[in-house]
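Scroll down for the structure; my scribbles are underneath it.
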Amino acid sequence: MDLLALADFNLVARHGGFGRAARAAERPKATLSRRVADLEASLGVRLFERGSHALKLTQEGRALFERTETLLTELGEAAAAIASGGQTPRGRLRISAPLLFSQVALGRLSAEFALRYPEVRLEITTEDRAVDMVEEGYDLVIRVNPDPNEHLIGRILLHDRLVAVASPGLQPPTEDAPVPAVVRVSSNQSTWDLATHEGDVRVHIDPILRLASLIMIRDAVRTGIGAAVLPLSLVAGDLRSDMLVHWGDVKGRPIEIWALYPSRRLLSTRVSAFLEFLKEAFPLGEPEELSAYIKG
């Protein structure tokens, strides 16, 4: 495939027409049209629907544009870095991150990163669903306990664990009576299995309040209305100040926060810079570090 023709096709697709692309690149419109036509001939498909007043990508054209735009951008950035004799991170960096981590840490982290690397245009979206990095154009995703994926590699950023907490005035759990609890809207739990200093215990709960986010649950528990299960990083400060007390650790898989990226692509300088920046913020990857960052 002719890379120059592919680059011209991306230029036209990005600007939505041959005339606008020609003006933006200060190139002859006829040259762009000929290059795109040659690319269509070599592929044996139409990439644009050409109307009298509009130019629209075909299904094949849309697929080619989505799959090659980022790769061509990276090639251009690599060439620019080599030509300038350096590896300064630059260009757009798209990241998908989970809700809680975004709310408690990424606002401040992203601002500090932008100040350090002003040539990077950082864009962070918040969602807990699994995303297709290649199809949706993400350079990096941050996920909690992600499922194994042969197409992705990454590293653990932080460890955490779930703990049961309550205000000091709430009666500790007994074997028979259920305790009032604040839970997620989607939770269907009726018991918590906890590891305590005295051994393993099963706590029966009465969900008196269902809330949508963990921050809302933490704020509700601080009032004394009930107990809750929350990440240690979110309540470590409250435990140190005795605003909340620790009833035990929830048994089960610990929490791991991962940064993932496609294994088939070289790691760009901007992704490497962001990963190193996160490593500086959380060098040991312990929940107390995230807690201190939240408090700070």
Side-chain angles (χ1 to χ4, degrees), residues 3-4 6-11 13-15 24-25 63-144 146 149-158 256-285 289-290 293 296:
L3 285 180
L4 293 177
L6 185 61
D8 284 344
F9 158 74
N10 271 264
L11 178 68
R14 187 163 55 251
H15 289 280
L64 182 64
F65 179 61
E66 289 177 349
R67 291 178 177 272
T68 59
E69 181 187 24
T70 301
L71 295 176
L72 288 173
T73 299
E74 291 181 356
L75 284 173
E77 291 172 357
I82 292 171
S84 64
Q87 288 291 315
T88 301
R90 56 172 56 88
R92 186 176 70 163
L93 176 58
R94 293 195 73 223
I95 298 173
S96 171
L99 177 62
L100 181 62
F101 187 66
S102 298
Q103 289 177 326
V104 300
L106 278 181
R108 180 175 154 199
L109 279 169
S110 61
E112 293 172 348
F113 181 83
L115 289 171
R116 182 179 298 186
Y117 299 104
E119 295 186 61
V120 176
R121 294 295 176 260
L122 189 58
E123 177 183 317
I124 298 178
T125 61
T126 297
E127 47 203 342
D128 290 324
R129 68 177 178 90
V131 300
D132 188 316
M133 291 190 62
V134 176
E135 291 292 337
E136 299 181 49
Y138 287 107
D139 301 291
L140 185 74
V141 296
I142 299 173
R143 284 294 174 267
V144 178
N149 188 323
E150 63 180 4
H151 301 295
L152 300 179
I153 58 176
R155 64 183 70 171
I156 297 177
L157 299 177
L158 287 160
E256 295 176 346
I257 301 176
W258 284 72
L260 303 167
Y261 44 89
S263 58
R264 67 177 180 81
R265 284 162 50 185
L266 294 175
L267 203 58
S268 69
T269 55
R270 58 186 180 275
V271 172
S272 295
F274 193 79
L275 289 172
E276 289 305 311
F277 186 78
L278 291 175
K279 182 66 175 177
E280 288 180 23
F282 313 112
L284 301 178
E289 290 178 317
L290 180 55
Y293 192 88

statement: In short, A7 meets L72 closest at the heavy-atom pair CA-CD1, 4.0 Å
query: Got a second to check how far L109's CG is from F274's CZ, nearest 0.5 Å?
result: 6.5 Å
- prompt: Can you list the steps and then say if F101 with V144 is a side-chain contact (heavy atoms from CB on, under 4.5 Å)?
  reply: CA-CA 9 Å; F101 187 66; V144 178; over 6 Å; no
field: Full working for side-chain contact (heavy atoms from CB on, under 4.5 Å) between F65 and N10
entry: CA-CA 6 Å; F65 179 61; N10 271 264; 3.2 Å; yes
- prompt: Where is the tightest heavy-atom contact between D139 and Y261, given as atom of each residue plus distance?
  reply: O-CB, 3.8 Å
- request: Determine, stepwise, if the pair I142 / I257 fulfils side-chain contact (heavy atoms from CB on, under 4.5 Å).
  value: CA-CA 7 Å; I142 299 173; I257 301 176; 3.6 Å; yes
- prompt: Which distance, rounded to the nearest 0.5 Å, do you find between the OG1 of T126 and the CD1 of I95?
  reply: 11.0 Å
Value rounded to 0.5 Å, distance of CZ in R155 from CD1 in I153: 9.0 Å
task: With rounding to the nearest 0.5 Å, note down the distance linking OG in S110 to CD1 in I124.
output: 4.5 Å
field: Gap separating the CG atom of L93 from the CD atom of E123, nearest 0.5 angstrom
entry: 9.5 Å
Minimal non-hydrogen separation, P146 against W258, with atom names: CD-CD1, 3.4 Å
task: Run the numbers on S96 and R143 for side-chain hydrogen bond (donor to acceptor under 3.5 Å, both in side chains), then give the verdict.
output: CA-CA 8 Å; S96 171; R143 284 294 174 267; 2.8 Å; yes
message: Quick check against the 3.5 Å criterion: does D128 have a side-chain atom that pairs as donor or acceptor with the backbone of P98?
response: no
query: Between L275 and A259, what is the shortest heavy-atom contact and its length?
result: CD2-CB, 3.6 Å
Less than 3.5 Å apart, which donor and acceptor atoms pair up between the side chains of residues 278-285 and the rest of the protein, not counting sequence neighbours?
residue, atom, partner, partner atom, Å
K279, NZ, P283, O, 3.1
E280, OE1, R116, NH1, 3.1
E280, OE1, R116, NH2, 3.1
E280, OE2, R116, NH1, 3.1

- prompt: Between atom CG of L260 and atom CG of L140, what is the distance when rounded to the nearest 0.5 Å?
  reply: 7.5 Å
query: Do R270 and Y117 meet the cation-pi criteria used here (NZ or CZ under 6.0 Å from the six-membered ring centre, within 45° of the axis)?
result: no
